[in-house]
Amino acid sequence: MMMNHEPLTESYFYILLCLYHEPLHGYGIMQETLRLSANRVKIGSGTMYGAVSNMMKKGWLNETMTLGPEEKNKRMYEMTADGRQVLEAEIKRLHELVDNADKVTNATK
């Protein structure tokens with residue numbers, strides 16, 4: 001259980017976000033990140049698999065295998081309860097940043 005953590009990189013953030021509702025394979029995560037970020041954030045395969053490996057070591061992700069006959073060798077990733085907690089804490093932190101920026105910038109208008 002993680003109370004405080006370092007801010008997530010965009011790659012870590014989007015990987016966790018893509019896994020919020022269901023497991024995905026690496027290529028699916030890369031494609032969903034492009035879609036969610038309107039093509040602004042591109043996660044390359046090296047970054048993707050390095051990040052996934054690190055997040056698995058931290059206990060934020062688990063690796064599973066697909067059940068479909070055509071995809072029997074594809075690795076699927078799912079978020080753990082700890083990963084969900086880290087993502088939700090990061091979302092809260094980002095909301096706080098934006099709220100504080102709005103307070104400061106709107107006070108001067």
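Side chains are part of it too, since the values below use all heavy atoms of this structure and drop only hydrogens, waters and symmetry mates. From a predicted model like this one, the values you see are computed outputs, not experimental measurements.
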| Residues forming a salt bridge (Lys or Arg N to Asp or Glu O under 4.0 Å) with Arg93, sequence neighbours excluded | Glu90

| said: Has Thr33 got a side-chain atom pairing as donor or acceptor with Ile29's backbone, closer than 3.5 angstrom? | reply: yes

| request: State the CE-SG distance between Met30 and Cys18, to the nearest 0.5 angstrom. | output: 10.5 Å

| query | Does Thr105 use its side chain to pair, donor to acceptor, with the backbone of Ala101 at less than 3.5 Å? | reply | yes

| query | Measuring from Ile15:CD1 to Leu24:CG, what's the distance to the nearest 0.5 Å? | reply | 11.0 Å

| message | Please say yes or no: joined through hydrophobic side-chain contacts below 4.5 Å, possibly via intermediate residues, are Tyr77 and Leu34 part of one cluster? | response | no

| request: Decide if atom OH of Tyr49 counts as having more than 12 heavy atoms of other residues, nucleotides or ligands within a radius under 6.0 Å. | output: yes

| said: Going by side chain to side chain donor-acceptor pair (under 3.5 Å), name the pairs with one or both residues in residues 9-19, residues two or more places apart or in two chains. | reply: Glu10-Arg40, Tyr12-Asn54

| said: Tell me every residue that passes side chain to side chain contact (heavy atoms under 4.5 Å, CB included) with Tyr20, counting only those two or more places apart in sequence or in another chain. | reply: Met79, Arg84, Leu87, Glu88

| field | CD-CE distance between Glu63 and Met76, expressed to the nearest 0.5 angstrom | value | 11.0 Å

| query | Any salt bridge (charged side-chain N to carboxylate O under 4.0 Å, His left out) pairs touching residues 44-54, not counting sequence neighbours? | reply | none

| request: Please identify each residue that fulfils side chain to side chain contact (heavy atoms under 4.5 Å, CB included) with Asn100, with sequence neighbours left out. | output: Glu96, Lys103

| task | Drop me the distance from Leu36's CG to Leu17's CG, to the nearest 0.5 angstrom. | result | 5.5 Å

| Gln31 CD to Lys42 NZ distance, which is reported to the nearest 0.5 Å | 9.0 Å

| Close side-chain approach of Trp60 and Leu8, heavy atoms under 4.5 Å | yes

| request: Spell out, yes or no, whether Val41 and Leu97 are grouped together once hydrophobic residues are joined by side-chain heavy atoms under 4.5 Å, including indirect joins. | output: yes

| Straight-line distance of Met55 CE to Thr80 OG1, nearest 0.5 Å | 10.5 Å

| field | All pairs passing salt bridge (charged side-chain N to carboxylate O under 4.0 Å, His left out) where residues 21-32 contributes a residue, at least two apart | value | Glu32-Arg35

| said: Does any part of the side chain of Phe13, heavy atoms only, come nearer than 4.5 Å to the side chain of Leu94, both counted from C-beta? | reply: yes

